[in-house]
2 protein chains.
Amino acid sequence: MGLFLSTFVNKVDRKGRVSVPASFRATLSVQPFQGIIAYRSFAHACIEGCGMDFMERLSDSAQNLDAFSPEHDDLSALIFADARQLAWDPEGRILLPEDVMAHAGITEAAAFVGKGQTFQIWEPESYRAAEAEIRARALANRPTLPLRPKAPSQEPR
Amino acid sequence: MGLFLSTFVNKVDRKGRVSVPASFRATLSVQPFQGIIAYRSFAHACIEGCGMDFMERLSDSAQNLDAFSPEHDDLSALIFADARQLAWDPEGRILLPEDVMAHAGITEAAAFVGKGQTFQIWEPESYRAAEAEIRARALANRPTLPLRPKAPSQEPR
DNA sequence: TGGGTAATCATGGGCGTCAATGGTATTGAC
DNA sequence: GTCAATACCATTGACGCCCATGATTACCCA
């Protein structure tokens, strides 16, 4: 399974350690670096998380100026500069740096939120509020997602 | 057989376990992840269910939206963040999480409703009411579905 | 065609295992 | 020597696995 799914709330202990959900670790287990990449979100009060593979994809995309506008290029520069490699310990816990915790307002607990190819880390209460807003918006204005065809490389006529 | 068909009502035991209908399990048996993906519907008081393949299709489709776009954020939050991987036990049962049961109003029984590529899980009485409404609507305003041609080059099953 | 049998499936409960969590010890850097 | 990072250990509580039972269905054969 290659996706980050679901939301898990884990406690942050006195030392700033927090368990990465077992299913997220399973998703990342195929990668050479045993840990996560984390950087402060520039859009929300949360932390963006992903595996090294996704970082490389971002890098590839950033090099392609057609795909990324100058603004996006700046953003990717921000990302790489801010990204930290957080390896987990034998129990599957990472140590959250001070400034990262401060940016997300995390103190006692952290919510790991699956986003498919990536995930986010929120202060649980903040995420609850953000999610409620999104749900309200979804009820008012039902979002749709054009589904791509099922076959791996087949073109619909 | 590759579709979710028919409706099955199964009991939820004291632990919150419920048997996934054998025919649904057969549909999902070809997948690497032995279980279902479930997320709370944002349109109805029910649970949406599918296999991992469908989630991956959703993920692929979501990639078409720009990374970091608000639309992408909302959809990911609503689907990937809320999706739970519910593996079944050797008897074919899944454990329904508390909040998921609450969202659908499920207490003692659950109705598995086939929807073709996906399925839904309802509180049986709620579904009876919802189905009656749909039938009434269909009588008043006959829905149509433009059939696609019977693609000759596709592999038969 | 009917009875009997076997197989499949849904259901209930006990128990072991592993993930999350908290604490202590050890290592290494300054 | 002090501090911080990390490895090691110990606890507990949820959930995954096993067995046992009941009910329904499918199958076989006289």
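Reminder, nothing fancy here: chain letters follow the sequence lines and each chain counts from 1. Just the heavy atoms: all of them, side chains too, but no hydrogens, waters or symmetry mates, feed the values below.
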Pairs where residues 14-26 of chain B contributes a residue and the test salt bridge (charged side-chain N to carboxylate O under 4.0 Å, His left out) is met, not counting sequence neighbours: B:D13-B:R17
Side-chain heavy-atom pair [X], [Y] within 4.5 angstrom cut-off:
{"X": "A:K115", "Y": "A:E48", "value": "no"}
{"X": "B:T107", "Y": "B:V12", "value": "no"}
{"X": "B:M55", "Y": "B:I79", "value": "yes"}
{"X": "A:S59", "Y": "A:F80", "value": "yes"}
{"X": "B:R84", "Y": "B:D99", "value": "yes"}

Just say parallel, tilted or perpendicular for the rings of A:F24 and A:F119, cut-offs at 30° and 60°. tilted
Can a salt bridge be assigned to the pair A:R128 and A:E131 using a cut-off of 4.0 Å between side-chain N and carboxylate O? no
Enter the inter-axis angle for the ends of the helix from C:dT1-D:dA30 to C:dC30-D:dG1 (five pairs per end, rounded to 10°). 40°
Can you list the residues that meet the salt bridge (charged side-chain N to carboxylate O under 4.0 Å, His left out) rule with B:E91, with sequence neighbours excluded? B:R93
Quick check for you: name the first and last nucleotides of DNA chain D, 5' to 3', having an atom under 4.0 Å from a heavy atom of chain B. D:dC15 to D:dC19
Walk along nucleotides 14-21 of chain C from 5' to 3' and tag each nucleotide B, S or - by protein heavy-atom contact under 4.0 Å, base first, then sugar-phosphate. B----SSB
Side-chain N,O (A:R14) to OP1/OP2 (C:dG23) below 4.0 Å: yes
In this structure, which one of B:V113, B:D82, B:V100 forms a side chain to side chain contact (heavy atoms under 4.5 Å, CB included) with B:I47? B:V100
Does any residue of residues 94-121 of chain A have a heavy atom under 4.0 Å from DNA chain D, and if so, which ones, in number order? none
Heavy-atom pair of closest approach, residues B:P124 and B:A109: CD-O, 3.2 Å
Find the distance between OH (B:Y127) and NE2 (B:H44) and round it off to the nearest 0.5 Å. 11.0 Å
